[in-house]
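These notes concern the structure reproduced below.
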Amino acid sequence: MTILITGGAGYIGSHTCVELLNNGETIIVVDNFSNSKPEALNRVQQITGKTFRIYDADLLDKKQLREIFLENEDIDAVIHFAGLKAVGESVAVPLSYYRNNINGTLVLCEVMQEFTVKNLVFSSSATVYGATDQVPITENSPLGSTNPYGRTKVMIEQILGDIAFADPDWSIASLRYFNPVGAHESGLIGEDPHGIPNNLMPFISQVAVGKREELHIFGREYNTRDGTGVRDYIHVVDLAKGHLKALEKVTAMKGMDAYNLGTGKGLSVLEMVMAFENAANKTIPFRFTEPRPGDVAVCYADPSKAGSQLGWQAERGPEAMCKDTWRWQRNNPSGYDRKTLTVYKEKTPRHEPVEFFNS
Ligand code: NAD
Ligand code: UDP
């Protein structure tokens, strides 16, 4: 199959590119690199030994996107990762979020419709369930989000549902990710957040590598095992594999459906800190601070629908999540900045940069 991947240079996209290439698929990446680096795609090529087309293009640019579809007549399906994803930023600049995420998806779907490419896998999020305290969360839990980022995901799901209803040739899977963490086991690709990380795992790993002094644990009086917040952390490679299963589904069925991608198990902040300390053999200094506004105590998935309907389930536990994160962080203390690539520079042969297609 030939799969067009929007946002393929990003954290989840790059790991999915690896799994698709290893599965023998042809991929085409479209990314504007607003939150990623081309180097991530060089690394994808290094891991897989395969090349692919990369377009430095913005989804909002319909003309450019049409040209990409014109140049690539054989696209069977699209995986749509491209979007802005920081909750706090979305509260500060909602227009940017609505414009990029909603308009980007509208333009993409219009062009897909025009070129009769009607198989789509969409990156949704557990944030579509809002601040529910009913766990485990099934796909039937009420939707409603508490911030502009989450609302873009809810709105996009509604738009996709309307598209699939209006034209029964469309086939769409919306994947609601829980908390993606971890990195590829090669240590070559991983999460590379700009500035101070918002999320727990990159923050812990930056403390471990000495970039930050201590972790602030937001709240210690939640009604949980140890008083700290509980989340469903899912290894990014398991998540990436879920996209291959979803692709099988969308190319075999019609209509739209949504699937939770999580492990079904909740881990507390303190449990994650301990798992990381064991994996990295390091102490993570932390102190407790006030709860973060808007945080729920507990959030984890019921992933049984993805199990029964996609034939997917998570295989990697907290040890692999932490070990793989640590390998990535230790080897790339400044992310994809080439100057700081320490270990693999010596160990792996030089690779040619991927071919760039600027339309
Ligand atoms: P990311 O920021 O690493 O990747 C997104 C990619 O999309 C980036 O490479 C960025 O440059 C690109 N992009 C953004 N806007 C674009 C545009 N208009 N045109 C072209 N490219 C554009 O994020 P990620 O963590 O890999 O997340 C991928 C998707 O999964 C996002 O839609 C995100 O909302 C969703 N998601 C992520 C998480 C998470 O915790 N990482 C959780 C749930 C859902
Ligand atoms: N968290 C924390 N310190 C941090 C970042 C996160 O204590 O620096 C906690 C947060 O309160 C939540 C859990 O870690 O209980 C996971 O937070 P994250 O932002 O990674 O995911 P989300 O809350 O969006 O599910």
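For ligands, and for the atoms within them, numbers begin at 1 and follow the listed sequence.
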For [X] and ligand 1, does the shortest N/O to N/O distance drop below 3.5 Å?
X	result
A82	no
D58	yes
F81	yes
L60	no
Y177	no
E191	no

Would you mind listing which atoms of ligand 1 come within a distance below 4.0 Å of any non-hydrogen atom of [X]?
X	answer
S123	29 (C), 30 (O), 32 (O), 35 (C)
S36	8 (C), 9 (O), 11 (O)
F33	11 (O)
S34	10 (C), 11 (O), 13 (N), 14 (C), 15 (N)

Is ligand 1 less than 4.0 angstrom away from at least one heavy atom of [X]?
X	value
P180	yes
S124	yes
D31	yes
K153	yes

How far is [atom] from its nearest protein heavy atom, and which residue and atom is that?
atom	result
atom 2 (O) of ligand 1	N35 ND2, 2.6 Å
atom 4 (O) of ligand 1	G10 CA, 3.4 Å
atom 22 (C) of ligand 1	N32 OD1, 3.1 Å
atom 5 (C) of ligand 1	G83 O, 3.9 Å
atom 18 (N) of ligand 1	N100 OD1, 2.9 Å
atom 3 (O) of ligand 1	Y11 N, 2.9 Å
atom 24 (P) of ligand 1	K85 NZ, 3.7 Å
atom 37 (C) of ligand 1	I12 CD1, 3.7 Å

Give me each pair satisfying salt bridge (Lys or Arg N to Asp or Glu O under 4.0 Å) with a member in residues 262-279, each pair once, sequence neighbours excluded.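 Sorted result for residues 262-279: R225-E271.
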Side chains of [X] and [Y], heavy atoms from C-beta outward: is any pair under 4.5 Å?
X	Y	value
D31	D56	no
I68	L4	yes
E214	R287	yes
I3	T26	no

Please report the closest heavy-atom contact between [X] and [Y], naming both atoms and the distance.
X	Y	value
S123	Y177	OG-OH, 2.7 Å
A306	L261	CB-CD2, 3.9 Å
S268	T228	CB-OG1, 3.3 Å
C17	V29	SG-CG2, 3.8 Å
E157	L143	OE1-CD1, 4.0 Å

Record the part of A57 in heavy-atom contact with ligand 1 below 4.0 Å; permitted values are side chain, backbone, both and neither.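 Answer for A57: backbone.
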Backbone, side chain, both or neither: what part of N179 comes under 4.0 angstrom of ligand 1, heavy atoms only?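 For N179, no heavy atom sits under 4.0 Å from ligand 1.
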Single-linkage hydrophobic cluster, 4.5 Å side-chain cutoff, I102 and L160 together: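 I102 and L160: one cluster.
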Could you see if V128 belongs to whatever hydrophobic cluster contains V135? Use Ile, Leu, Val, Met, Phe, Trp, Tyr and a side-chain cutoff under 4.5 Å. yes
Return the set of residues passing side chain to side chain donor-acceptor pair (under 3.5 Å) with Q309 (not counting sequence neighbours), or none when no residue passes.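 For Q309, no residue satisfies side chain to side chain donor-acceptor pair (under 3.5 Å) once neighbours in sequence are set aside.
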Take the angle between the ring planes of F69 and F115 and call it parallel below 30°, perpendicular above 60°, tilted in between.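 Ring orientation, 0 to 90° scale: tilted.
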Ring of Y259, cation from K305 - is the NZ or CZ under 6.0 Å from the centre and inside 45° of the axis? yes
Judged on heavy-atom distance to atom 34 (O) of ligand 1, which of Y97, F178, Y149 sits nearest? Y149
For atom 43 (C) of ligand 1, state which one of G7, S125, G13 supplies the nearest heavy atom.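 Result: the heavy atom closest to atom 43 (C) of ligand 1 is in S125.
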Residues R327, D324: salt bridge by 4.0 Å N-O rule: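 So R327 pairs with D324 through a salt bridge.
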Would you mind checking if E139 and R176 are paired as a salt bridge, meaning a charged N to carboxylate O distance below 4.0 Å? no
Using heavy atoms and a strict 4.0 Å limit, residues surrounding ligand 2 turn out to be N179, N198, N199, L200, L215, H216, I217, F218, G229, R231, Y233, V269, R292, D295
Do F122 and H243 have their ring centres less than 6.0 Å from each other? no
According to side chain to side chain contact (heavy atoms under 4.5 Å, CB included), who are the partners of S34, at least two apart in sequence or on a separate chain?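 S34 satisfies side chain to side chain contact (heavy atoms under 4.5 Å, CB included) with N32 once adjacent residues are dropped.
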